[in-house]
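Everything on this sheet refers to the single structure shown next.
Letters A, B, ... mirror the listed sequences (proteins, then strands); counts begin at 1.
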Amino acid sequence: MNVFNRFRDEVVGIVADMAGEGRLPQGLDCSRVSVEPPREAAHGDLTANAAMVLAKAAGMKPRDLAELLAERLEGLEGIAGAEVAGPGFINMRLDAELWHGCLADVLRTGTAYGDSSIGGGAPVNVEFVSANPTGPLHVGHGRGAVFGDALAALLEKAGYDVTREYYINDAGAQVEVLAKSAAARAGEALGTGELDAAAMEGLYPGDYLKPVGRKLAERIDAARLDADDAENLEFLIRFATDEMMDLIRGDLRALGVSIDVFTSERDLVERGAVDDALRFLDERDLVYTGVLEPPKGKQAPEDWEPRPQMLFRATRFGDDVDRPLKKSDGTWTYFATDIAYHLDKYRRGFANQIDVWGADHGGYVKRMRAAVKAVSEGAADLDVKLCQMVKLLEAGAPVKMSKRAGAFVTLTDVIDRVGKDVVRFIMLTRGSDATLDFDLAKVTEQSRENPVFYVQYAHARVCSVLRHAAEEFEATELVPESLAAAPLTRLADAAEIDLIKAMADWPRLVESAAQAHEPHRVAYYLGDLAARFHALWNKGKDDARLRFLLPEDRGLTLARLALVQGVALVIASGLNVLGVTPLEELR
RNA sequence: GGCCCCGUAGCUCAGUCGGAUAGAGCGUCGGAUUCCUAAUCCGAAGGUCAGAGGUUCAAAUCCUCUCGGGGUCGCCA
């Protein structure tokens with residue numbers, strides 16, 4: 001348990017004890033009581049808001065209640081002092097030994113430090129990427145992939161049972177276009193000559209389909225390339241989407257993302273999942289035939305005509321209008337199959353669902369949440385995380401992406417250029433709902449400006465110190481388990497204790513970032529921890545007594561090695577969540 | 001017109017289930033290197049948290065309205 005939760009329990013316990021003694025009312029609601037590090041270091045190590053939160057119900061002035069609680073807290077083991085401040089905060093200082101204990105805990109726990117049980121093993125489904133199987137992933141997909149994967153890892157660290165899922169949109173018109181494009185490329189391979197832009201009009205023009213066409217040409221004869229034949233089309237779609245999914249799986253592998261479950265829209269439709277879902281809704285009177293108002297935009301679509309449609313009563317679940325389930329040609333809308341898909345996820349045991357989408361899908365959030373409420377009868381919750389655009393830059397100038405020529409910058413282009421670790425870290429240096437500038441030149445710079453480097457450098461510096469130490473100490477003395485037994489009480493400088501406090505904050509950060517579904521907080525935390533470490537390092541330049549390696553004092557040296565090893569472990573623990581490999585050396 | 005996201009230092013952005021004197025990097029100015037990687041660090045200056053009301057012990061954070069930027073709006077996914 002982390003130090004903050006531990007003392008929160010103490011505070012709540014004291015309130016209960018005093019209620020038992022009749023000094024406070026029974027049954028006070030302590031759910032809003034928190035124990036946190038104060039914003040100002042001068043206010044001590046911990047601060048509790050209990051007195052302010054409980055004052056009204058207790059019928060006391062906040063400061064009077066705070067005094068009562070502070071008196072009891074002061075007597076607790078590990079607390080060096082407790083005083084009332086401001087409107088009724090209880091500020092506590094902790095014994096240095098308690099912080100030394102935290103460091104020993106880090107060293108014994110290793111990169112598992114920060115693991116939490118708040119998830120309680122509850123299943124969570126994180127659906128992300130879900131790019132159409134019509135081509136390689138581009139940079140925007142990459143952001144969703146990194147975000148989803150890191151969020152999944154964060155939730156795992158917080159104790160959830162996470163499934164990473166990819167929804168393959170292989171049933172719409174776009175895969176027919178793909179099939180025809182692949183057939184055209186196969187024809188090209190069979191000797192009809194190179195296709196120009198005009199010949200690819202309305203098809204996917206990218207070069208990535210040329211090898212698919214060649215492969216297709218080797219498998220079948222020209223007669224089967226006629227996509228107007230339904231049976232042929234069926235085959236071509238299967239073939240081409242399988243090829244595209246291989247391509248995408250390769251892209252994801254290059255990014256270090258591994259998906260647990262791929263679900264095919266086509267399979268869902270074929271096994272009747274959409275009919276099932278719609279029957280389910282219909283039985284509850286949530287489907288009806290009606291006519292929608294035209295959109296009130298300044299330009300109503302020219303071909304708009306009022307038409308009776310099958311609609312879902314999304315307005316009953318907080319949406320603004322009811323939503324269509326069938327297109328005019330009688331096939332299901334994307335929304336209808338997506339309802340079936342989310343019902344399928346719910347029936348597989350996921351009452352906790354997270355979807356990661358691009359920001360251009362923002363208009364669908366309400367209806368999808370409405371649908372999840374409907375098909376689970378209120379039992380499931382869907383959180384949709386929208387990832388904003390990535391602006392790709394080259395030394396400050398926008399990188400041109402020509403979609404028309406099919407020559408857009410792919411995710412693998414970027415990974416090849418800067419490496420998967422850099423891509424992953426940079427993608428997580430902003431909240432998902434902020435647009436992200438990704439400068440190809442800057443992200444590989446070795447400077448303070450580059451957060452990836454800055455954090456990696458801190459880790460590498462620790463490794464460098466340990467390499468130097470290996471000249472004076474046995475390898476067995478330097479492993480974390482041995483360092484946990486070093487004379488840690490000799491760590492007495494305020495900057496050293498501050499560094500431990502920063503480490504002690506990691507478990508708390510894991511929990512809050514996981515609950516907020518915000519993995520970028522991990523990247524910021526690591527930047528902060530790295531900064532504190534670099535600062536301490538430089539103090540050793542001003543004052544040689546603060547250096548980590550002191551030839552004349554083996555005990556203190558071991559204590560400091562324990563300290564820096566702890567930093568490296570926490571950084572590694574955080575980088576593991578982000579899916580970034582901690583480096584032992586920078587060149 | 002409806003809905004969603006955003007508006008915080010000159011720039012790029014953190015901080016938002018309400019907490020004390022609002023933070024970081026860059027940029028500007030001034031410093032630190034016979035030394036465990038100066039690839040780093042220390043200090044200074046820089047704010048009407050878009051604006052106006054409201055809720056309360058307490059608002060950048062919650063509510064309402066206004067302004068500004070972006071996204072989106074049946075038969076694309």
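- Remark: B:A20 base-pairs with no nucleotide; criterion is Watson-Crick or G-U wobble with both hydrogen-bond distances under 3.5 Å.
- Put simply, the side chain of A:Asp251 never gets that close to the backbone of A:Pro136: no donor and acceptor are under 3.5 Å apart.
- Closest approach to the A:Leu386 side chain among B:C4, B:C26, B:C75 is made by B:C4 (side chain taken as heavy atoms from C-beta onward).
- The CD atom of A:Glu511 sits 16 Å away from the P atom of B:C17 (whole-angstrom rounding).
- At a cut-off of 3.5 angstrom, the base of B:A14 holds no donor-acceptor pair with the side chain of A:Tyr525.
- The C1' atoms of B:U61 and B:U16 are separated by 4 Å, rounded to the nearest whole Å.
- Separating the CG atom of A:Leu563 from the C1' atom of B:C36 is a distance of 14 Å, rounded to the nearest angstrom.
- For the pair A:Pro37/A:Phe4, a side-chain contact is recorded, criterion being any heavy-atom separation below 4.5 Å from C-beta on.
- Heavy atoms of A:Val465 sit under 4.0 angstrom from primed sugar atoms or phosphate atoms, though from no base atom.
- The base-pairing partner of B:G1, taking Watson-Crick or G-U wobble contacts with both distances under 3.5 Å, is B:C73.
- Cation-pi check for A:Lys326 over A:Trp332 is met; the charged atom lies under 6.0 angstrom from the ring centroid and within 45 degrees of its normal.
- Listed candidates were B:C76, B:A38, B:C36. Nearest to the side chain of A:His468 is B:C36.
- In plain terms, the two heavy atoms of A:Met92 and A:Ala48 that are nearest each other are CE-CB, 4.0 Å.
- Between A:Gly88 and A:Val84, the shortest heavy-atom contact is CA-CG1, 4.3 Å.
- Contacts of A:Arg547 with the nucleic acid, taken as non-hydrogen atoms under 4.0 Å apart, include base atoms.
- Considering A:Leu68, A:Ile90, A:Leu46 in turn, A:Ile90 is the only one that fulfils the side chain to side chain contact (heavy atoms under 4.5 Å, CB included) rule with A:Leu73.
- Backbone-only engagement by A:Lys56 is indicated by non-hydrogen atom pairs under 4.0 Å involving sugar-phosphate atoms exclusively.
- Electrostatic pairing of A:Arg238 and A:Asp242 does not count as a salt bridge here, judged by no charged N lying under 4.0 Å from a carboxylate O.
- Listed pair A:Arg323 / B:G74 fails the phosphate criterion, with no side-chain N or O lying under 4.0 Å from OP1 or OP2.
- Remark: P of B:C35 and CG of A:Leu536 are 19 Å apart, rounded to the nearest angstrom.
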Audit row: A:Glu496, A:Arg560, salt bridge (charged side-chain N to carboxylate O under 4.0 Å, His left out) steps and yes/no: CA-CA 9 Å; A:Glu496 294 173 325; A:Arg560 291 201 169 141; 2.5 Å; yes

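- When both pairing distances are held under 3.5 Å, B:U56 makes no Watson-Crick or G-U pair with any nucleotide shown.
- Closest to the side chain of A:Ser464, from the set B:C6, B:C41, B:C36, is B:C36.
- When both distances must be under 3.5 Å, the Watson-Crick or G-U wobble mate of B:U61 does not exist.
- Atom CE of A:Met368 and atom NZ of A:Lys373 lie 12.5 Å apart (nearest 0.5 Å).
- B:U66 and B:G46 have their C1' atoms separated by 29 Å, with the value rounded to a whole Å.
- If you check B:G10 for Watson-Crick or wobble pairing at under 3.5 angstrom, you find it paired to B:C26.
- With A:Phe473 as the aromatic partner, A:Arg554 meets the cation-pi criteria of under 6.0 angstrom to the ring centre and within 45 degrees of the ring axis.
- Contact of the A:His534 side chain with the A:Tyr454 side chain is registered, since non-hydrogen atoms from C-beta on lie closer than 4.5 Å.
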Between protein and nucleotides 42-45 of chain B, what N or O pairs are separated by less than 3.5 Å?
none

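- Taking 4.0 angstrom as the limit, A:Arg461 places a side-chain polar atom (N or O) nearer than this to OP1 or OP2 of B:A38.
- Using a 4.0 Å heavy-atom criterion, one finds that A:His361 contacts the bases of the nucleic acid, with or without backbone contacts as well.
- Contact annotation: A:Lys541 side-chain N/O to B:G31 OP1/OP2 distance is not under 4.0 Å.
- Atom C1' of nucleotide B:A38 and atom NZ of A:Lys539 are separated by 18 Å, given to the nearest angstrom.
- Between A:His534 and B:A24 there is no side-chain N or O to OP1 or OP2 distance below 4.0 Å.
- With a 3.5 Å ceiling on both atom-pair distances, B:U33 lacks any Watson-Crick or G-U wobble partner.
- Rounding to whole angstrom units, CG of residue A:Leu311 and C1' of B:C75 are separated by 12 Å.
- Stacking of A:Arg313 on the aromatic ring of A:Tyr288 is recorded, both the 6.0 Å distance cut-off and the 45° axial limit being met.
- No engagement by A:Lys61 is indicated, since no non-hydrogen atom pair under 4.0 Å with the nucleic acid exists.
- Counting all heavy atoms, side chain and backbone alike, A:Pro38 lies closest to A:His43 at CB-CB, 3.8 Å.
- Spacing between atom OH of A:Tyr167 and atom C1' of B:A77 amounts to 10 Å, rounded to whole angstrom units.
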Protein and nucleotides 18-22 of chain B: nitrogen or oxygen contacts under 3.5 angstrom:
residue : atom : partner : partner atom : Å
B:A20   : OP2  : A:Arg39 : NE           : 3.3
B:A20   : OP2  : A:Arg39 : NH1          : 3.0
B:A20   : N6   : A:Thr47 : OG1          : 2.6
B:A20   : N6   : A:Asn91 : OD1          : 2.7
B:A20   : N1   : A:Asn91 : OD1          : 3.4
B:A20   : N1   : A:Asn91 : ND2          : 3.0

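- In this structure the side chain of A:Gln174 reaches within 4.5 angstrom of the side chain of A:Asn169, judged on heavy atoms.
- Where A:Tyr334 and A:Gly431 each meet RNA chain B at their nearest nucleotide, the meeting point lying more 5' is that of A:Gly431.
- Taking atom P on both B:U55 and B:A59, the two are 12 Å apart, rounded to the nearest angstrom.
- Applying the 4.0 Å criterion to OP1 and OP2 of B:C35, one finds that A:Trp537 has every side-chain N and O outside that range.
- Of the options A:Glu165, A:Lys345, A:Glu127, a side chain to side chain donor-acceptor pair (under 3.5 Å) to A:Thr263 is made by A:Glu165 and by none of the others.
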Tabulate atom names and distances for all N/O pairs under 3.5 angstrom spanning the protein and nucleotides 9-12 of chain B.
residue : atom : partner  : partner atom : Å
B:U12   : O2'  : A:Arg430 : NH2          : 3.1

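- Backbone-only engagement by A:Tyr454 is indicated by non-hydrogen atom pairs under 4.0 Å involving sugar-phosphate atoms exclusively.
- Out of B:G74, B:C6, B:G15, the shortest distance to the side chain of A:Pro324 is found at B:G74.
- With hydrogens and angles ignored, a donor-acceptor pair under 3.5 angstrom links the side chain of A:Tyr364 to the base of B:C76.
- In this entry the distance linking CG of A:Asp505 with C1' of B:G15 reads 14 Å, nearest Å.
- Pairing of B:A50, defined by two Watson-Crick or G-U wobble distances under 3.5 Å, is identified with B:U66.
- Spacing between atom CG of A:Asp528 and atom C1' of B:C13 amounts to 15 Å, rounded to whole angstrom units.
- Sequence order on RNA chain B of the closest nucleotides to A:Asn450 and A:Gly172 puts A:Asn450 first from the 5' end.
- Figure legend: A:Arg367 and A:Tyr364 shown as a cation-pi pair, the cationic atom lying under 6.0 angstrom from the six-membered ring centre and within 45 degrees of its axis.
- Nucleotides B:A14 and B:G74 place their P atoms 31 Å apart, quoted to the nearest Å.
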